[in-house]
Amino acid sequence: MRASHAYKPLSLKRRAWITIGAVVLGGAGAATYAMAAEQTGPAQGAERRAAAVHTLKMQTKGDRKVVPRKSTATFSAVSVTWQNPDAEIDGKAQFRARDAASGSWGAWTALPAETNDADGAERERSAIRGGTASVPTEDVSDGVEVRVVAADGTASGLPAGMDVKLIDPGTGPSAADLAQPVAYSEDTPAPTPTVTATDSGTPSPPDPTVPTFPSPTETVPTAPPSTVVKPDIIPQSVWGPGLSHDGTPTYDTDIKAAVVHHTGVDADNQVPCAKSAERLRQIQQDHVSKGYYDLGYNFVVDRCGQIFEGRTGGMDLPVHGAHDYGFNTDTVGISYIGNFESAKPTKAALDAIARVAAWKFGQYGIVATGNVTLTSNGDLDVDGNKVAKGTTITLPRVFGHKDTNATLCPGANLYPKLSRIRTLAATPGISHALVSQNVAGDATPDIVTGVPKGTGGGQVVVVPGAAAGPSATGKKVVSQAGDVPGAAESGDEFGASTATGDINGDGYTDLVVGQPGEDDTSGHTDRGAATVVYGPDFTGGLGINMDASYDLTGARFGSAVAVGDFNADGTADVFAASTGLGGTWMARYGDGWDTDSTITGTEGNLSNADAAAGDFNLDGYADVALNYRDDTGVGRVTWYKGGSGGLRKAATLSTKGGRSIAAGDINGDGVDDIAIGQPYVAESGAAAGGQVTFVKGVAGTGLTATGAKSISQDTSGVPGAGESGDAMGWSVTVGDYDLDGYADILTGAPNEDITRTTNQANAGTSLLLKGTSSGPTGTGSLAITQDTDGVPGATETNDNLGTAVALGDFSGFGRADLVIGTAGEDAGNGTLMYVPSNSSGPGLTSTKTFNNTTLGTPAGARLGTNLAP
């Protein structure tokens, strides 16, 4: 939709307020709704509350249009509509809403202009209305005031038949429903139909301005198979509220191109992923109130990479959309929740858009990097169409809304990324499973921490993420003391390594846990193992062991684990490595087969094993970079390349390894890079206090030492000074904390001494290094310790802050938040420190601390030793 339509600038010297009422709405049902909104929906299996659009009709009083004060039910989004779909406001519409809980009024908020992109039969059979985009209120509201700022200072230019739509999205699905997209079919019955309330607040038959559609008469086509694996898509039968009619989809005969959109509303930049489904229901109800039979877009994605079915009719089919007037025929419309004139797109969302496009293109035998010639079906200048009816235009297969219509959509920051989407959508392995750390079974990634030194052989704790930040409420503690394969035994080191992903393809994220100290039943001490624990209940799983043809005693298999879709079959696979007797590695794939081999050709023991998964050559197959120290004490990094036949050893890099490794797109070119933590001089040639080294991934080539760059505390701009033994690089992680399109690096230096009045030896620090187009830089770096303003606690000797680090979107707003482990805190009990990332940087004053009491980990277990990437 054209939610970011450019409108005429207002003259501040001549402006008149056309007040459309100050409406105080009844509070009935407000408390109930607030609870439902907090839970993102009813409990699984509970009856949903239907969505509704409450229409406030306007009365003409002199030269003003006014809504008298009336009562109605609660709402959480607002739009304004009018009779003529081709009319535009000569100015801006604005609203403010009253919070149902506090009674306070919010700030005036713009309702962006939006044109109606329905065309053809949908226009002919429907009472299509013009209107603004819908804008969500901050909370559930029971009062509204709307006004129009006329650019010419008069009311004469305002469209006729204006009214206000107050949108209640209903309760929708539960969090558990949304977490299991593949468990639902498109035949799942829709919930209770939508009702519309009148000014009195009493439910009534559907609003007469919203047409009732006849049943479809055309034959539903057969869905062609795709050469690309279908991504996980949340069907409308799961996220949707149900409609007041069955819908009347029409079908095209082909898919020739994908049109990328954004919703274009500033408030959407503040909608967490946990509320994406609610926001989508609001947008859907707004589209229906304007006369569409359903949502205009075919698919919608959010910043966490969730993909939603949009317009009904069969997501496998060429459903005719209402997203690009004049060019809806034979195109698929994919929208991204947010305004990308101001916000920056996330990697997860770009990947999701590419996967949808690749899957749809795979049904029709087209390649995303090609061009297409389309013929306009719309009248010139109607609804912003820039191409006269019957005129042909040549476009890329993946193009933006602005290419055909007078709009800013999909925004200045998303539009330049379309070339990256085209490239990714054309890669052979595009069907790879997207990375997921949404372990708790909702829409927000979670903190996963291994506690291998705990009593009973170790454990893993999942701390659920939430919009207000992770909370110990609802935490999950996983160990072999339950139904997990194996038995809890002292020294197993369950949780020494951890990774996450949907291993069994059921739509839930699973845990992969390494336990290198595991003994087998045949007398092989420290044979080791890796265990897949199936989410979201974690009551069962799969044990993975190294083949008996290898030396088993002291193998310590599971010292490093990683998860990625190495053969691009759409399901995540497991990589695990051992360190005993030269080391071995194994990759186990979703259908039960595996590949394995030795790491080195020597018999000496390895150490410091750590693994990271990423696509280092942009071929669509996930790869693995394995860090280890060999038996001569030298750090190494080996690249294992993914392909249709699984992983194979590609190369051992000339760049030295260290103690830790992480993957992400640090230079923003669309290809994953690696960051190697090198805390010691002897193994890697690092600076005296340690360093982090960036190694670039290159499309078609892979990891290359060309352009490698090391950052230490001796680098300009990095806080502190490099001192022998600081151990910068002991831990490392990668993620985009400021959402500038470049992944940043967080690293720990747990042996850093910090002096307040006296020296606190080994108090530890963490360093946040910014990513740029040329890799990481010292400029703008931040140091975070327990002496940093706003951070709870105080530095103490042997705290070892920085023993583990993680960057992840644990609040669901698109930015990577910080988690820092302090394993020596409280005499070795250990803590985790969570720092949210805000639009202005790390929110240090909102830091949360989790300890062994809040998470239930054993005393002395050194919580903060391990964090999943």
| request: May I ask you to decide if Gly400's main-chain N or O and Asp403's side chain share a donor-acceptor pair within less than 3.5 Å? | output: yes

| Taking Asp672 for the side chain and Ala663 for the main chain, is one N or O donor matched with an acceptor at less than 3.5 Å? | no

| query | Could you state the interatomic distance from OG1 (Thr733) to CG (Asp744), rounded to the nearest 0.5 Å? | reply | 10.5 Å

| said: Using modelled atom types and a 3.5 Å cut-off, is there a donor and acceptor pairing between side-chain atoms of Thr369 and backbone atoms of Thr423? | reply: no

| task | Scan Asp809, Asp502, Asp446 and name whichever one has a side-chain contact (heavy atoms from CB on, under 4.5 Å) with Asn438. | result | Asp446

| note | On a heavy-atom basis, the closest approach of Leu739 and Pro345 is CD1-O, 4.4 Å

| Below 4.5 Å, heavy atoms only, C-beta onward: do Asp573 and Ile503 meet side chain to side chain? | no

| Does some side-chain heavy atom of Thr346 sit less than 4.5 Å from a side-chain heavy atom of Tyr336? | yes

| Is the side chain of Asp817 donor-acceptor paired with the backbone N or O of Phe810 at a distance under 3.5 Å, no angle test? | yes

| query | Hey, what do you get for CZ (Arg355) to CG (Leu424), rounding to the nearest 0.5 Å? | reply | 9.5 Å

| request: Given salt bridge (charged side-chain N to carboxylate O under 4.0 Å, His left out), test Asp316 with Lys230 step by step and report yes or no. | output: CA-CA 9 Å; Asp316 295 349; Lys230 181 179 180 180; 3.1 Å; yes

| request: Name the orientation class of the two ring planes belonging to Trp359 and Phe299 (parallel below 30°, tilted from 30 to 60°, perpendicular beyond 60°). | output: perpendicular

| query | Under 4.5 Å between any side-chain heavy atoms of Leu511 and Val462, yes or no? | reply | yes

| query | Should Tyr364 and Val332 count as side-chain neighbours, where that means a heavy-atom distance under 4.5 Å? | reply | no

| Can you check whether Thr444 reaches Pro272 side chain to side chain, under 4.5 Å on heavy atoms? | no

| task | Identify the heavy atoms of Ala499 and Val563 that sit nearest to each other, and give their distance. | result | CB-CG2, 3.7 Å

| query | Considering residues at least two apart in sequence or located in another chain, which fulfil the ring-ring contact (aromatic ring centres under 6.0 Å, His included) criterion with Phe327? | reply | none

| query | Parallel under 30°, tilted from 30 to 60°, perpendicular over 60°: which one fits the rings of His262 and Phe340? | reply | tilted

| field | Heavy-atom pair with the smallest gap, counting every atom of Ser76 and Pro169 | value | OG-CD, 3.1 Å

| message | Under a 3.5 Å distance rule, please check whether Arg815 uses its side chain to pair with a backbone N or O of Gly841 as donor and acceptor. | response | no

| When you check the side-chain N and O atoms of Asp266 and Asn339, is any donor under 3.5 Å from an acceptor? | yes

| task | Working to the nearest 0.5 Å, report the span between OG of Ser276 and CD1 of Ile234. | result | 8.5 Å

| query | Can you tell me if Asn298 uses its side chain to pair, donor with acceptor, with the backbone of Met315 under 3.5 Å? | reply | no

| query | Do Thr473 and Lys475 touch side chain to side chain, with heavy atoms closer than 4.5 Å? | reply | no

| field | Leu807 and Leu818: CA distance, side-chain angles, deciding distance, side-chain contact (heavy atoms from CB on, under 4.5 Å) verdict | value | CA-CA 5 Å; Leu807 281 169; Leu818 289 66; 3.8 Å; yes

| query | Between Thr109 and Ala107, is there a donor-acceptor pair closer than 3.5 Å when you use the side chain of the first and the backbone of the second? | reply | yes

| field | With sequence neighbours excluded, residues passing side chain to side chain donor-acceptor pair (under 3.5 Å) with Arg279 | value | Ser134, Asp268, Gln282

| field | N/O donor-acceptor pair under 3.5 Å between Lys848 side chain and Pro470 backbone | value | yes

| note | For Ser436 and Thr500 the tightest heavy-atom approach is O-OG1, 2.9 Å

| Can you tell me how far CD1 of Ile334 sits from CD1 of Ile307, rounded to the nearest 0.5 angstrom? | 8.5 Å

| Are Asp286 and Lys165 within salt-bridge range, i.e. N to O under 4.0 Å? | no

| request: Please check if the distance between the ring centroids of His54 and Phe75 is under 6.0 Å. | output: no

| query | Atom OG in Ser431, atom CG in Asp565: separation rounded to 0.5 Å? | reply | 6.5 Å

| said: Minimum heavy-atom separation for Arg303 and Cys273, please, with both atom names. | reply: CG-SG, 3.4 Å

| Closest contact, heavy atoms only, Lys417 versus Gly668 | NZ-O, 4.5 Å

| remark: With sequence neighbours left out, the residues meeting side-chain contact (heavy atoms from CB on, under 4.5 Å) with Tyr742 are Asp740, Ser773

| said: Tell me whether Gln236 contacts the main-chain N or O of Gly310 through its side chain, where contact means a donor paired with an acceptor under 3.5 Å. | reply: yes

| field | Phe813 vs Pro836 side-chain heavy atoms within contact, under 4.5 Å | value | no

| Donor-acceptor contact below 3.5 Å, side chain Tyr293 vs main chain Thr312 | yes

| Would you say the side chain of Pro112 lies within less than 4.5 Å of the side chain of Val135, judging by non-hydrogen atoms? | yes

| field | Value rounded to 0.5 Å, distance of CD1 in Ile447 from CD in Gln437 | value | 9.0 Å

| Parallel under 30°, tilted from 30 to 60°, perpendicular over 60°: which one fits the rings of Tyr292 and His287? | tilted

